[in-house]
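A short worksheet on the structure shown next.
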2 protein chains.
Amino acid sequence: MTKYIKQTRILVAVDCIIFGFDGYDLKLLLIKRGFDPEKDKWSLMGGFVQSDENPEDAASRVLKQLTGLKNVYMEQMLVFGEPERDPIERTVSITYFALVDIKKYEKQLSDDYRAEWFSLKRVPKLIFDHDQMVDHAKQKLRYKAALHPILFELLPEKFTIPQIMTLYEQVYDVELDKRNFTRKLRSTELLIKQIDKDKENSKKGAFYYKLDKTTYKEKFTKFLNFVSNP
Amino acid sequence: MTKYIKQTRILVAVDCIIFGFDGYDLKLLLIKRGFDPEKDKWSLMGGFVQSDENPEDAASRVLKQLTGLKNVYMEQMLVFGEPERDPIERTVSITYFALVDIKKYEKQLSDDYRAEWFSLKRVPKLIFDHDQMVDHAKQKLRYKAALHPILFELLPEKFTIPQIMTLYEQVYDVELDKRNFTRKLRSTELLIKQIDKDKENSKKGAFYYKLDKTTYKEKFTKFLNFVSNP
DNA sequence: AAATTAAATGTTATTTTGACACGAACAACC
DNA sequence: GGTTGTTCGTGTCAAAATAACATTTAATTT
C-alpha cells in the first residue's frame with residue numbers, strides 16, 4: 001500500500017491567540033496584514049504547517065517569528081475546519097493559545113505585516129473566523145486560570161501581589177477582595193517573597209515575589225481554585 | 001488571488017475515542033481492522049474528512065457508522081500531527097472524545113471491521129499513536145468529570161445512585177464514601193427521583209433517578225466539584 | 001511634623017468537605 | 001411466619017475552605 005486514494009488533501013494552518021498583560025490591561029497581539037488574502041485587515045498571526053513540521057512546531061515558529069520569543073507557554077486549542085472558512089482555498093486551522101511576558105516581547109520588523117497589542121476590551125473586527133477563535137481563547141483563559149496558575153506566565157519574573165490581583169480582576173472582570181485573594185495565593189505556596197519592593201505604583205512600595213519553580217511544576221495540574229465560579 | 005502556492009496539502013482524519021459503561025466497567029470501543037494499513041490490528045475508529053465536510057461532521061459520521069447513534073456527546077480533543085505518524089502518507093488526525101449509552105449502542109455490521117468493547121483495564125496495543133490518544137482521552141475524561149456532570153452521558157435515561165457511584169469509582173479508580181457522594185449529588189439538584197426501583201442488583205432495590213434536563217444544561221459549564229483532586 | 005496614599009494583615013460567620021455507623025427494605029431460607 | 005443476609009439510604013460532628021469585613025503600616029509629599 002502506497003497512498004490513500006481518492007481522499008482530499010487539505011491545507012493545514014496554525015493560528016495563534018497571543019495574550020499579554022501590561023500591568024493594567026489584558027492584551028491581544030494582532031497583525032495588520034500586508035499580504036493577501038484580506039490585505040490591510042487585522043487578523044491573528046498564523047502560518048501553514050510545513051511538510052516536515054508538526055503543528056506544535058509550526059505554532060512555535062510562527063510565534064517566534066512574530067515575538068522573537070521561544071519557550072513560550074502554549075497550548076493547543078480548537079481546530080476550525082468549516083469547508084468555506086477561507087474563501088481562497090479550503091484550510092483547516094489549528095488554534096494555539098499563547099501567554100507571553102509582554103516585557104520580553106520584541107517587535108520583529110517585517111514587510112509582510114505590522115503587529116500591535118490591543119486591549120481585549122477593544123479588539124477590532126478580524127478576518128474569517130478569527131473573532132470566534134479569540135472568543136474561544138478568552139473562555140479558555142478564564143477556565144484554566146480559575147483552576148491553574150497559568151496567569152503567572154503573563155507576568156515578569158518579579159511581580160507584586162497587587163499586580164497579580166489586577167491581572168485576575170482584568171481576566172474575570174470582577175473586583176476581588178485583597179485579603180481573601182492574598183490568603184489564597186499564600187496557601188498555594190507558589191510564591192517566594194523578595195527583599196526588594198516595587199516603588200512604581202505607591203509610596204509605600206509593594207514587595208516583589210518570584211515563582212517557586214519547583215512548586216509551580218508540581219502543582220500546575222492540580223486544582224488550585226483561584227476563582228470559584230468564573 | 002486564487003490559491004496558496006507552494007504549500008503542502010495534507011490528509012485530515014478524525015479518530016474517535018468512544019467510552020461506554022456497562023454497569024461494572026468503563027469501556028472503550030475499538031475496531032479490528034479488515035483493511036490496510038495495519039490490517040488485522042486493533043485501532044480507534046476513524047475516517048478522512050471529506051471535501052464538503054467539517055471535522056465535527058466527519059466525527060459524527062464515523063461515530064454513526066460504527067454505533068448507529070446520532071446526537072452523541074462529543075468533544076474535540078487534541079490534534080495529532082507528527083509528520084511520520086502514519087507511514088503510508090502524512091495525515092493529521094483530529095481526535096474526538098465520545099460518551100455513549102452502551103445500551104443504545106447497536107452493532108453495525110460491516111465487512112471492513114469488527115467492533116468490540118474493551119474494558120479500559122485491558123486495552124490491546126493499538127496502531128500508530130492511538131495508544132497516546134486513548135491515554136489522553138482518559139486524562140480528559142477524569143479532568144472534565146471531576147468538574148462537570150459529563151458521566152451521566154454514559155448512563156441510561158433511568159439510573160440509580162449506586163450505579164453512578166460505581167461509575168465514578170471506575171473512572172478514578174478509588175473507593176468513594178456513599179454518604180458524602182450522595183450528599184454531593186443531591187446538592188447539585190441535577191437528579192429527579194423516580195417512584196420505581198431497580199431490583200437487579202439488590203433485594204431492597206435502589207430508586208431510579210432521571211436527569212433534570214433543565215438544571216443539567218444550566219449547570220453543565222459550572223464547576224460542580226464532584227471529585228476534589230483527580 | 002502632618003497629610004496622603006497604597007500595602008499588608010487578622011477575625012468571625014458560613015459553607016463545604018471528610019470521616020464515620022446504623023436502621024430500613026426486601027428476598028431467600030428455614 | 002419468623003429469621004437471616006444483603007444492599008440501600010440517611011445523619012452527625014470535626015476540620016477545612018470561603019466570604020465578608022476594618023485597621024495599621026510604610027513611605028513619600030507638603
Side-chain angles (χ1 to χ4, degrees), chain A residues 23-24 145-149 155 158-170 172-210 219 222-230, chain B residues 23-24 145-149 155 158-170 172-210 219 222-230:
Chain A
Y24 304 96
L147 299 167
H148 308 287
L155 294 171
K158 278 174 20 175
F159 49 81
T160 68
I161 292 189
Q163 270 169 39
I164 316 172
M165 198 167 115
T166 308
L167 175 51
Y168 274 87
E169 289 180 330
Q170 288 302 310
Y172 293 100
D173 200 23
V174 290
E175 296 224 325
L176 298 173
D177 182 277
K178 204 163 43 163
R179 293 153 289 186
N180 293 340
F181 185 78
T182 310
R183 174 155 39 92
K184 170 52 89 174
L185 270 186
R186 267 200 299 249
S187 79
T188 64
E189 296 177 303
L190 289 169
L191 303 187
I192 302 170
K193 193 173 189 171
Q194 305 302 111
I195 44 167
D196 51 338
K197 285 181 165 184
D198 165 40
K199 303 279 207 129
E200 298 276 302
N201 300 298
S202 75
K203 295 165 185 170
K204 181 175 175 181
F207 280 106
Y208 279 118
Y209 286 81
K210 283 187 182 177
K219 299 200 172 171
K222 298 258 191 292
F223 288 155
L224 299 177
N225 304 318
F226 289 101
V227 180
S228 58
N229 250 308
Chain B
Y24 303 97
L147 300 167
H148 308 286
L155 295 170
K158 277 171 26 172
F159 48 81
T160 69
I161 293 189
Q163 271 171 37
I164 316 173
M165 198 167 112
T166 309
L167 175 51
Y168 274 86
E169 290 180 330
Q170 288 304 309
Y172 294 99
D173 200 21
V174 290
E175 298 224 324
L176 297 174
D177 182 277
K178 204 167 39 162
R179 293 154 290 188
N180 295 339
F181 185 77
T182 310
R183 176 163 38 124
K184 170 55 89 175
L185 270 186
R186 267 201 300 249
S187 78
T188 65
E189 297 178 300
L190 290 170
L191 304 187
I192 301 170
K193 194 173 187 170
Q194 305 301 111
I195 46 165
D196 50 336
K197 285 182 166 184
D198 165 40
K199 304 277 209 131
E200 297 278 301
N201 300 298
S202 75
K203 295 165 185 173
K204 180 176 176 181
F207 280 104
Y208 279 119
Y209 287 81
K210 284 188 181 176
K219 299 201 174 169
K222 300 257 189 294
F223 289 154
L224 298 177
N225 304 317
F226 290 100
V227 180
S228 59
N229 251 310

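All chains are named by letter (A, B, ...) in the order of the sequence lines, taking the proteins before the strands, and each is independently numbered beginning at 1.
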Can a side chain N or O of A:S228 be found less than 4.0 Å away from OP1 or OP2 on D:dA19?
yes
Distance in angstrom units between B:E200 CD and D:dT7 P, rounded:
15 Å
For C:dT9 and A:R186 - does any side-chain N or O of the residue sit under 4.0 Å from the phosphate oxygens OP1/OP2?
yes
Test item: A:E169 side-chain N/O and A:L176 main-chain N/O as donor-acceptor pair under 3.5 Å
yes
Whole angstrom value for the distance that separates C1' of C:dC26 from CG of B:N201:
14 Å
From D:dC8, D:dT10, D:dT6, pick the nucleotide closest to the side chain of B:A206?
D:dC8
In whole angstrom, give the distance that lies between atom CZ of B:F181 and atom C1' of D:dT10.
16 Å
Considering only heavy atoms and no angle criterion, is a donor-acceptor pair shorter than 3.5 Å present between the side chain of A:K204 and the base of D:dA27?
no
For B:L224 and C:dT16, what is the distance between atoms CG and C1' respectively, to the nearest whole Å?
14 Å
What is the minimum heavy-atom distance between A:D196 and A:K158, and which atoms define it?
OD2-NZ, 2.6 Å
Looking at A:K210 and A:Q194, would you say the former's side chain and the latter's main chain have a donor-acceptor pair under 3.5 Å?
no
Within the pair B:K184 and C:dT17, is there a side-chain N or O less than 4.0 Å away from OP1 or OP2?
yes
Phosphate OP1/OP2 of C:dA27 contacted by B:K199 side-chain N/O (<4.0 Å):
yes
note: A:Y208, atom OH; D:dA26, atom P; distance rounded to Å ~ 20 Å
Would you state whether a donor and an acceptor, one from the side chain of B:R179 and one from the base of C:dA21, lie under 3.5 Å apart?
yes
Gap between atom CG of A:L191 and atom CZ of A:R186 - 0.5 Å precision:
10.0 Å
Taking the nucleotide of DNA chain C with the closest heavy atom to each, which residue, A:R183 or A:P162, is nearer the 5' end?
A:P162
Nearest-angstrom distance from the residue atom CG of B:D198 to P of C:dC26
13 Å
Would you kindly check whether a donor in the side chain of A:N180 faces an acceptor in the base of D:dA20, or vice versa, at under 3.5 angstrom?
yes
Taking donor-acceptor contacts at under 3.5 Å, does the side chain of B:K178 reach the base of D:dG9?
yes
What integer distance in Å separates B:L185:CG from C:dT17:P?
12 Å
Between B:Y209 and B:S202, name the one whose nearest nucleotide on DNA chain D is closer to the 5' end.
B:S202
Tested for side chain to side chain donor-acceptor pair (under 3.5 Å) against A:N180, the lone hit among A:K178, A:R183, A:K184 is A:R183
Measure CD1/B:I195 against P/C:dA25 and give the value in whole Å, please.
17 Å
